[in-house]
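Just so it is clear: chains get the letters A, B, ... in the order the sequence lines come, proteins before strands, and each one is counted from 1.
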Amino acid sequence: MRVTNQYIASIFAEIADLLDIAGENPFRVRAYRNAARTILSSSKNMADLVEEGFDLTTLRGIGKELSQKIIEIVQTGELSFLKRLKASSSPELETLLRIPGLGPRRVQQLHKELHINSLQDLKKALQKGDVEKLPGFGPKLIESIAKGLEEKTYEEKRYRLFEADPVAKEIIKSLKRSHRLLSIEIAGSIRRRRETVHDIDIVASCEAGSDMMDRFTTLQEVDKIIMKGPTRSSVTLKSGIQVDLRVVPKDAYGAALHHFTGSKAHNIALRKMAVKRGLKINEYGIFKADKRIAGKKEADIYKNLGLDYIEPEMRENRGEILLAGEHRLPRLIEEGEIRGDLHIHTTDSDGAGSLREMAMAAREKGYEYIAITDHTKHLTIAHGLDEKRVRKQLEVIDRLNEELEGITILKSAEVDILEDGRLDLPDTLLKELDLVVCAVHYKLKLSKKAQTRRILKAMEDPYFSILAHPTGRLIGLREPYEVDMEAVIKACTHRGCILELNAQPDRLDLTDIHCRMAKEAGVPIAISTDAHSVRDLDLMTYGIGQARRGWLEKSDVLNTKSLKELKKYLKKMRP
DNA sequence: GCCGTTTTCGGCCCGACTGTTTTCAGTCG
C-alpha cells in the first residue's frame with residue numbers, strides 16, 4: 001500500500017499539535033507545520049520520490065530530520081516518533097485546540113492542572129466549576145468554551161465556493177451603501193478561487209467617519225458578532241459562515257487586499273523575502289526603516305520585491321514566487337479565451353434543455369462550437385441513449401448544423417466505461433462521432449488497482465478522446481474514487497487522450513494539483529461545464545478558476561482552439 | 001527543526017482584538 005502525500009502531511013500536522021501542547025520550541029512546531037504544507041501542495045508524490053532516491057532535503061522546509069521521517073513513513077506506513085509522542089501524551093488533546101479560545105497554552109494548562117484529556121473531561125470539569133478556578137479563565141472565556149463544545153465548532157466546516165461566493169457578493173452589495181466608502185473587494189480564499197472556503201474575507205477603505213463597521217455588524221444576515229473593532233470585525237451569519245471585514249486607509253488598501261487575500265504560506269514567504277532585503281511587509285504597506293514605500297496598489301508589493309505581479313489563484317507558495325522573480329510566470333487562461341463547451345446534455349438523456357436550446361444559448365455566449373454528450377444506454381437512470389437513439393440524434397444534429405448560423409454542434413456522447421473497461425457503444429458507432437467523452441458512473445468502489453486498470457483499458461479504445469470527471473468526486477458529499485492519477489496521466493501522454501476539468505462547482509475534478517501534473521506531462525485539458533440546462537453553461541467560470549489555480553494557460557486547454565484547429569486536432573487523434 | 005551572497009549559530013512574519021489584567025499573554029487570521 002503506497003502512502004499518499006495527504007497521509008504524510010497529516011502525520012506532521014498531528015506532531016505539530018502535540019509538540020505545541022507539550023510546550024515545545026514554537027519554531028520546531030512551525031517547522032512541522034511548514035513541512036506538512038510543502039508536502040500537501042507538492043505535485044510530486046513523496047512515495048515516488050523516495051523510491052527514486054530523490055534528495056528530499058532539496059524541498060523547501062524539509063531538512064535531514066524530516067527527510068528521514070518521510071522515508072520511514074513511506075517504507076513502513078507509520079512513524080515511530082509519532083507513536084512515542086502519542087504514548088507519552090493524550091492524543092485527544094488535539095481536538096481541544098479546535099475550540100475557539102483554546103490554544104496550546106490553555107490546553108496545556110487544562111491538562112496539567114485538571115488532568116483533562118478529552119472533550120468529555122472538559123465538559124465534566126466545566127459542569128463541576130473547576131475550570132473557572134484556573135488563573136486566566138474568566139467568565140467570557142468559559143462561556144466561549146462552553147459554546148464551542150455545545151456547537152461542535154471543533155468540527156471545522158468548509159463551504160463550497162459556489163455556496164460562499166454569492167453570499168459574499170450580496171454582503172458587498174449591502175456594504176456599498178456605506179457612507180464615505182472608497183473601495184471594497186472580496187479577498188481570502190474566495191478571491192483565490194479555492195474549491196472550498198472556511199470564511200468570507202472582505203477588505204475595504206473608507207474616509208474617516210464612515211458607518212461601515214456598524215452597518216456590517218448589523219446586517220440582517222448576522223447571527224452574532226465575534227469581535228468588533230475600528231478597523232477589523234468578525235461576525236457569523238445565520239447560515240453559520242464567518243465573515244471578516246477589514247477597513248484600512250486608502251493608502252494601505254492594496255497592501256491590505258494583498259494581506260487578506262493570502263494564502264498565509266504565500267504571504268509568509270514574501271515577508272521573509274522582504275526581511276532579507278531590509279524591508280518589512282504588513283497589511284499597511286511595504287516599509288523601509290519605518291518609512292512606507294508603497295501600499296496603495298496591490299501590484300506595488302510585488303514590484304518593490306523585484307517580482308512580477310502574481311495572480312491571486314497562484315498565491316499558494318507552490319513555486320510562483322520563484323517564477324515571478326525570473327519573469328517566467330505563466331499567463332493564466334481567461335474565461336474569454338474559451339471557444340466552446342465539450343460536455344453538454346440535452347432532454348434526450350437527463351438534460352433540461354433541448355438540443356436547439358443548448359446550441360442557441362452557447363451561441364449567445366459567443367461560443368463557436370459545442371459537443372452534445374448525452375449519456376449512453378448503461379446509465380438507464382439518466383435515460384441513456386442506445387445505438388438507435390444515438391443515430392437518430394446524429395441526424396437531428398446534421399439538420400440543425402445546416403440550419404443554425406454561428407454555432408457548430410459536434411457529435412459526441414458521454415459514453416459509460418463498463419466495469420471491464422469496455423465502452424458502452426461499439427466502435428462502429430463511435431467512429432461516426434467527432435469526439436468521444438468517456439466516464440465512470442458505477443462501481444466507484446473498485447480497488448485503486450482495478451479502477452485504474454478499468455480506465456486504462458478504456459483508453460485503449462482508438463476512439464476514446466476525453467476522460468470526463470476523472471475522479472468522480474462530489475465535494476463534501478462523495479469522496480473521489482480511488483485511481484492512480486499519475487498512471488492515468490502517463491497513459492494520456494502515450495495514447496493521446498485528454499483530461500476533463502469538470503466545471504460543475506461541486507465536482508471540479510481535476511484538482512488544482514492534478515491540473516499541474518497534467519500540464520507538466522503535456523496532457524491537454526478540456527474545461528467543460530457538463531451542462532444539464534442552459535443556466536449551467538455559466539458554470540464555466542468555476543472551471544476557469546480551478547484551471548488558473550492549476551497554472552493552466554490558453555495553450556494547455558483544448559477548448560480554446562478555434563473550430564478549425566479543434567477539428568484538425570481531433571482528426572489527428574483518430575486511427 | 002530549518003536555513004544561510006553578512007551567518008553552521010541564532011535567528012525564524014506580522015498585527016488586531018479579547019479577556020483578564022494593571023501592562024500583556026493568548027488566540028486568531
Side-chain angles (χ1 to χ4, degrees), chain A residues 12 15-16 19-21 23-38 56-70 81 96-110 132-145 148 153 156 187-189 197-203 213 217 225-236 242-248 252 255-256 258-287 290 295 301 305 317 321:
Chain A
F12 284 177
I15 291 174
L19 291 179
D20 210 354
I21 294 166
E24 257 287 350
N25 173 1
F27 297 106
R28 188 181 176 210
V29 173
R30 190 185 292 176
Y32 277 96
R33 296 227 162 93
N34 289 342
R37 218 166 23 220
T38 295
L56 297 172
T57 63
T58 57
L59 300 176
R60 185 175 12 87
I62 300 200
K64 220 171 126 199
E65 281 291 317
L66 292 183
S67 158
Q68 271 311 315
K69 289 191 166 73
I70 294 171
F81 177 59
L96 301 186
L97 284 179
R98 275 171 238 132
I99 292 172
L102 289 188
R105 296 290 80 77
R106 286 174 187 151
V107 169
Q108 185 184 30
Q109 201 179 351
L110 288 168
E132 61 200 69
K133 290 176 198 146
L134 293 179
F137 284 77
K140 287 270 178 96
L141 185 56
I142 300 266
E143 195 193 320
S144 152
I145 295 170
T153 47
E156 194 216 17
S189 39
V197 305
H198 107 276
D199 63 6
I200 295 172
D201 292 297
I202 297 172
V203 175
M213 274 307 177
T217 50
I225 300 168
I226 300 169
M227 62 177 172
K228 186 181 177 190
T231 70
R232 177 174 200 166
S233 298
S234 294
V235 301
T236 46
Q242 181 175 329
V243 189
D244 298 336
L245 172 65
R246 191 62 204 263
V247 181
V248 297
H258 181 266
H259 179 88
F260 287 95
T261 296
S263 68
K264 197 170 170 179
H266 176 86
N267 286 355
I268 289 174
L270 280 191
R271 278 180 231 140
K272 279 184 182 169
M273 198 175 163
V275 170
K276 268 188 205 158
R277 294 166 178 234
L279 302 170
K280 186 180 80 169
I281 300 174
N282 59 29
E283 56 260 61
Y284 297 108
I286 179 162
F287 297 81
D290 291 335
I301 303 284
L305 291 172
N317 197 25
I321 296 171

Side chain A/D201, main chain A/A187, donor-acceptor under 3.5 Å:
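The answer is no, because no donor-acceptor pair under 3.5 Å joins these two groups.
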
Are the side chain of A/S144 and the backbone N or O of A/K140 linked by a donor-acceptor pair below 3.5 Å?
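No, A/S144 side chain to A/K140 backbone: no donor-acceptor pair under 3.5 Å.
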
What pair of heavy atoms forms the shortest contact from A/A274 to A/K280, and how long is it?
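Taking A/A274 first and A/K280 second, the nearest heavy atoms are CB-N, 4.4 Å.
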
Where is the tightest heavy-atom contact between A/R60 and A/T38, given as atom of each residue plus distance?
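Minimum heavy-atom contact is O-OG1, 3.0 Å.
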
I need the [atom1]-[atom2] distance between [X] and [N], as an integer number of Å.
X: A/F137; N: B/dT18; atom1: CZ; atom2: C1'; answer: 14 Å
X: A/M273; N: B/dC14; atom1: CE; atom2: P; answer: 15 Å
X: A/I225; N: B/dA16; atom1: CD1; atom2: C1'; answer: 17 Å
X: A/I145; N: B/dG19; atom1: CD1; atom2: C1'; answer: 12 Å
X: A/L134; N: B/dT21; atom1: CG; atom2: C1'; answer: 16 Å
X: A/E143; N: B/dG19; atom1: CD; atom2: P; answer: 9 Å

At less than 4.0 Å, is any side-chain N or O atom of A/S233 found next to OP1 or OP2 of B/dA16? Yes or no.
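A/S233 to B/dA16 OP1/OP2: no side-chain N or O under 4.0 Å.
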
Using Watson-Crick or G-U wobble geometry with both distances below 3.5 Å, tell me the partner of B/dG11, or none.
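Per the H-bond distance test, B/dC2.
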
Indicate, with a heavy-atom threshold strictly under 4.0 Å, whether A/P139 touches base, sugar-phosphate, or nothing.
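Sugar-phosphate only.
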
How is A/V29 classified with respect to the nucleic acid when contacts are heavy atoms under 4.0 Å: base, sugar-phosphate, or nothing?
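If one applies the 4.0 Å heavy-atom cut-off, A/V29 turns out to touch nothing in the nucleic acid.
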
Got a sec, which residues hit ring pair (Phe, Tyr, Trp, His ring centres under 6.0 Å) with A/Y32, two or more places apart in sequence or on another chain?
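Checked A/Y32 against ring pair (Phe, Tyr, Trp, His ring centres under 6.0 Å); matches are A/F12.
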
Where protein sits on nucleotides 1-12 of chain B, one letter per nucleotide: B base, S sugar-phosphate only, - none, heavy atoms under 4.0 Å
BSS--------B

Could you run down nucleotides 23-29 of chain B 5' to 3' and tag each one B, S or - for protein heavy-atom contact under 4.0 Å?
---SSSB

Out of B/dA16, B/dG19, B/dC14, whichever nucleotide has its closest atom nearest the side chain of A/R246
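Comparing B/dA16, B/dG19, B/dC14 against the side chain of A/R246, the answer is B/dA16.
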
